[in-house]
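Reading through the structure tokens given below for one structure.
Everything numeric in this text was worked out from a predicted model, so none of it was measured. Quick note on labels: first sequence line is chain A, next is B, and so on, each numbered from 1.
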Amino acid sequence: MERSEQELVRRANLEKIRELGIEPFPAATFAVTHLAKEINKTAEFAEDNLSTNLTEVTVAGRVMAQRIMGKAAFASIQDSSGRVQIYVSRDDIAPGEDKALYNTLFKKLLDLGDFIGVTGHVFKTRTGETSIHVKEFTFLGKSLRPLPTPKTDDEGKVHDAFNDPEQRHRMRYVDLTVNPQFKEIFRKRSRLITAMRSYLDGLELMEVETPILQTIHGGAAARPFKTFHNTLDMPMYLRIANELHLKRLIVAGFDGVYEFAKDFRNEGMDRTHNPEFTLLEFYVAYKDYEWMMDTCEALLEFSVKTVNGGETTTVKIGDNTIDFKGPYRRLTMADSIMEYTGEDINDADEDALRAICKRLHVHTDDSMGRGKLIDEIFGEHVEAKLIQPTFITDYPIEMSPLTKKHRSKEGLVERFELIINGKEIANSYSELNDPIDQRERFEEQAKLAARGDDESMPMDEDFLRALEYGMPPTAGIGIGIDRLVMLLTGQKSIQEVLFFPQMREENLEK
RNA sequence: GAUUCCUUAGCUCAGCCGGUUAGAGCAUCUGACUUUUAAUCAGAGGGUCCUGGGUUCGAUCCCCAGAGGGGUCACCA
């Protein structure tokens, strides 16, 4: 492997540090007393700016900038909270005859990206920047590759930004080091999940884990990843959903269960799809989809407030401000189509629907049944227009093989999707718990499979057996966590809300 | 999967309608500098111009194929 000039210099510096008798990768705990942000926030200055309440602080982090001026130098140290400036003067850190600690180690052998720890007192420079006057510094870890060096000027303009999406996503460790502003996306993601978990715990639901490796992939319409178990000598699938397992747990007698599930779908990738993604699913016994709508909007309102760190329920996305405060608008699918197209699909048979599609310039083909035609009209003419959180209810039965038939409307099921900013965020229904009906639905799916639909759901005899033992009426929901994070952080690409989005293999040989 | 655009130094980018030795800023190296902050000043080094073919006297540039990435569409959440 060819090494660049800068890498060779750093390796040489590494050896020279060892020659000074200093371990470049020390093992011992380093006792940090303050984060950079705390120092910048809590320092209170005396009149002369030379002394503060912070008479001795110890911080650690990467050296991100160095400004050396002969016998003194400034540097920026970056830790998890941000950056703080340090001031190093030769005679303070090397008071004796031997000035090697400053002249050799600090000035020559220290490279941008190296980890150091410093101890000193806090003061304010002539130009007004809070800084640590270093009296002791410790080498904590060498960086052998040069980091990109984005810089921000007086006007806030960023120069040399590290902004190539490929490099940022492949080397997230570099990205988040030099673009720490993106850390906030992941902090929000973490806060969102924590908030949702605490809300669901408050409902006395139990967090569970169910198999990712499955012999039958059920619970959604999608192509799975296939793998193989050597000892069992059988093919297995990575789960596309955990729905059927969570419902087995309702059969088992838990009143409510939830799981933040990594699911895997072997389909196209684009700005809203990654092969593995996170879905929160939860199921609650003795509830229906009406209850679930109430719960969903309460959960989201609570979670958005928590993520925003206050009472704010709004999020700005481009030109739109989305308000997660409930209650959300509820609209049946038929009414939504009436509202946005003026077409009445309520009593339309398949031929009538085809005529409507033609009028609306919706593309159709012969394989589409009634449900699919309605779904196409909705997808083409309604979905993108629903910006504020909206529950679309009462879906055609054909596309919902796990959903209970509507209690009063023929041909429909008790299902809703939550649409926000024109995108589906959640999908929920009154769960089908009639095992005889469920078996018929699976048989319908098998017919689709026989016609070549590779996304149809396979028959799951064990799941049917569970239902035959009896499942209480249950409401269930799946909420797309990645997409919700995209909304809350204003990101247009799913890659920006995943630490390590899927990418093709990189050739590192060269 | 289809289509389109992109790939030049560690980073961000110029450039070459095909022509000696491929440029800049930051970063790096050498030197100066004890309150700087995109530190400054003086000097220097650094390149498989994504890869492989082809056309040509000559290709980083044109053509073909491939790799990787971005956008759009299709499938889907």
Side-chain angles (χ1 to χ4, degrees), chain A residues 2-10 12-13 49-50 64-76 83 85-92 102 107-108 111-113 123-129 131 133 143-171 174 178-179 220-223 240-241 263-279 281 363 379 417-419 423-427 453-455 478-484 486 492-495 501 503-510:
Chain A
E2 293 269 323
R3 292 210 166 90
S4 70
E5 179 195 16
Q6 296 194 47
E7 287 177 276
L8 294 174
V9 166
R10 282 163 183 254
N13 288 348
N49 280 336
L50 292 179
M64 296 303 284
Q66 240 182 327
R67 296 177 286 280
I68 292 170
M69 297 157 302
K71 299 183 187 68
F74 288 92
S76 298
R83 291 187 186 189
Q85 176 166 278
I86 63 171
Y87 172 73
V88 180
S89 89
R90 185 190 69 182
D91 297 332
D92 289 335
Y102 181 79
K107 272 173 73 173
K108 303 278 185 196
D111 292 306
L112 296 185
F123 73 110
K124 192 181 265 190
T125 63
R126 234 179 255 166
T127 49
E129 175 133 356
S131 307
H133 190 131
S143 167
L144 293 178
R145 288 174 184 259
L147 287 167
T149 52
K151 292 186 176 182
T152 309
D153 66 20
D154 296 340
E155 288 143 31
K157 227 172 99 188
V158 177
H159 300 258
D160 303 334
F162 181 63
N163 57 13
D164 174 22
E166 176 173 5
Q167 297 207 69
R168 287 187 46 234
H169 297 148
R170 284 196 195 282
M171 299 191 288
V174 173
V178 303
N179 297 321
R223 286 197 299 274
I240 57 173
D263 291 336
F264 305 83
R265 298 187 185 176
N266 205 343
E267 288 169 346
M269 292 163 60
D270 61 27
R271 56 157 69 179
T272 57
H273 298 82
N274 193 69
E276 58 181 288
F277 63 104
T278 304
L279 208 54
E281 289 199 41
H363 176 77
E417 289 191 359
L418 174 61
I419 314 292
K423 296 267 160 42
E424 180 193 339
I425 293 297
N427 182 18
D453 183 346
D454 54 3
E455 290 182 345
I479 300 176
I481 297 298
D482 310 288
R483 290 189 178 177
L484 193 52
M486 286 167 68
K492 292 192 177 71
S493 166
I494 196 170
Q495 297 185 109
M503 304 198 88
R504 280 180 210 275
E505 198 169 13
E506 181 184 17
N507 180 11
L508 283 170
E509 297 301 307
K510 53 174 186 166

Flag side-chain contact, heavy atom, 4.5 Å: A:S143 against A:D111: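 A:S143 does not reach A:D111 side chain to side chain.
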Side-chain heavy-atom pair A:K108, A:I68 within 4.5 angstrom cut-off: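 A side-chain contact under 4.5 Å is absent here.
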Using a heavy-atom cut-off of under 4.0 Å over every strand shown, decide if [X] touches base, sugar-phosphate, or nothing.
X: A:A220; result: nothing
X: A:N274; result: base
X: A:R168; result: nothing
X: A:G268; result: base
X: A:R271; result: sugar-phosphate
X: A:K492; result: nothing
X: A:Q495; result: sugar-phosphate
X: A:D91; result: base
X: A:I68; result: base
X: A:R67; result: base

Under 4.0 Å protein heavy-atom contacts per nucleotide of nucleotides 10-15 of chain B, with B for base, S for backbone only and - for none: BBBS--
At their closest point, which heavy atom of [X] faces which heavy atom of [Y], and how far apart are they?
X: A:N179; Y: A:P150; result: OD1-CG, 4.3 Å
X: A:G113; Y: A:L147; result: CA-CD1, 3.7 Å
X: A:K492; Y: A:M486; result: O-CE, 3.6 Å
X: A:N163; Y: A:R168; result: CA-CD, 3.8 Å
X: A:T272; Y: A:I494; result: O-CD1, 3.8 Å

Determine which nucleotide pairs with [N], using a 3.5 Å limit on both distances of a Watson-Crick or G-U wobble pair.
N: B:A39; result: none
N: B:G25; result: B:C11
N: B:U3; result: B:G71
N: B:C17; result: none

Residues that A:R67 engages under side chain to side chain donor-acceptor pair (under 3.5 Å), provided they are two or more places apart: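 Partners of A:R67 by the side chain to side chain donor-acceptor pair (under 3.5 Å) criterion, ordered by chain and then number, come out as A:Q85.
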Short side-chain N/O contact from A:K124 to OP1 or OP2 of B:U36, under 4.0 Å: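 Looking at the OP1 and OP2 atoms of B:U36, neither is under 4.0 Å from any side-chain N or O of A:K124.
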A:R265 side chain near B:C75 phosphate (N/O to OP1/OP2, under 4.0 Å):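 No, A:R265 has no side-chain N/O under 4.0 Å of OP1/OP2 on B:C75.
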Say you pick atom [atom1] in [N] and the same atom in [M]; how far apart are they, in whole Å?
N: B:A22; M: B:G69; atom1: P; result: 31 Å
N: B:A59; M: B:A32; atom1: C1'; result: 45 Å
N: B:U8; M: B:G45; atom1: P; result: 24 Å

From B:C75, B:C29, B:U34, nucleotide with atom closest to A:E267 side chain: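 So the side chain of A:E267 is nearest to B:C75.
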Face-to-face stacking of A:F74 with B:A39, centres under 5.5 angstrom, angle under 30°: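 Stacking is absent between B:A39 and A:F74, given that the ring centres and planes do not meet under 5.5 Å and under 30°.
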Comparing A:H169 and A:F277 on RNA chain B - which has the more 5′ nearest nucleotide: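 Between the two, 5'-proximity favours A:H169.
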5' precedence on RNA chain B between A:A65 and A:R90 (nearest-nucleotide basis):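 Of the two residues, A:R90 wins.
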Side-chain-base donor-acceptor pair under 3.5 Å for A:E129 and B:U35: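 No such pair is found, so the answer is no.
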